[in-house]
**Q** 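Got a structure for you, written out below as structure tokens; questions coming shortly.
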Amino acid sequence: MRIGQGYDVHAFGVGDGLILGGVNIPFDRAFVAHSDGDVLVHALIDALLGGLGLGDIGHHFPDTDERYRGTDSLDLLSAVAEMMSAQGYSLGNADLTIVAQAPKMAPYLEAMKLKISIVLDCDSGQINIKATTTERLGFTGREEGIACYAAVLLMPLDA
Ligand code: MG
């Protein structure tokens, strides 16, 4: 087995909605990002790449590359899922944490689990997503952006 962890942050800017875990969430701001800014999927990608010993998201999908402007992060996750099976691993489980003061995440967590599990070709029960505030402390507490943490366990396909 192999273990991986990931962390990502995106700042809020002008806009009218967020994409998190592949789900559109109505909001009075948007993420400032080269891609769609899906900070949850980016943290998950970094955890998977970390577990595989394959570096990080910036190495594989550089934000200087015009191909990734406004890209759907679930497409990047799909590419990483292919790398995972090529390396001989499948997902055991993923535990994800969204750190956000706003918007409220609870109504969207099940939809995020479903989207991610479809891309990773696993049961939605293998994906856990939690959301927490920071009691108004720090940059997330001031509603300047959102941070996400991801931990994954990878299982060898031949075990
Ligand atoms: Mg990112």
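Start at 1 and go down the list; that is how both ligands and their atoms are numbered.
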**Q** So how far is it from Leu91 CG to Leu120 CG, rounded to the nearest 0.5 Å?
**A** 6.0 Å
**Q** In plain terms, say whether Lys130 and Asp95 are close enough for a salt bridge, that is, a side-chain N and a carboxylate O under 4.0 Å apart.
**A** yes
**Q** Regarding Thr71 and Ser35, do their side chains bring together a donor and an acceptor under 3.5 Å, going by distance alone?
**A** no
**Q** Of all the heavy-atom pairs spanning Phe12 and Glu143, show the shortest one and how long it is.
**A** CD1-O, 3.2 Å
**Q** Side chains of His10 and His42: closer than 4.5 Å at any heavy-atom pair?
**A** yes
**Q** Return yes if some donor-acceptor pair links the side-chain N/O of Arg29 with the main-chain N/O of Gly15 below 3.5 Å, else return no.
**A** no
**Q** Using a strict cut-off of 2.8 Å, how many protein N/O/S atoms surround the Mg ion (ligand 1)?
**A** 3
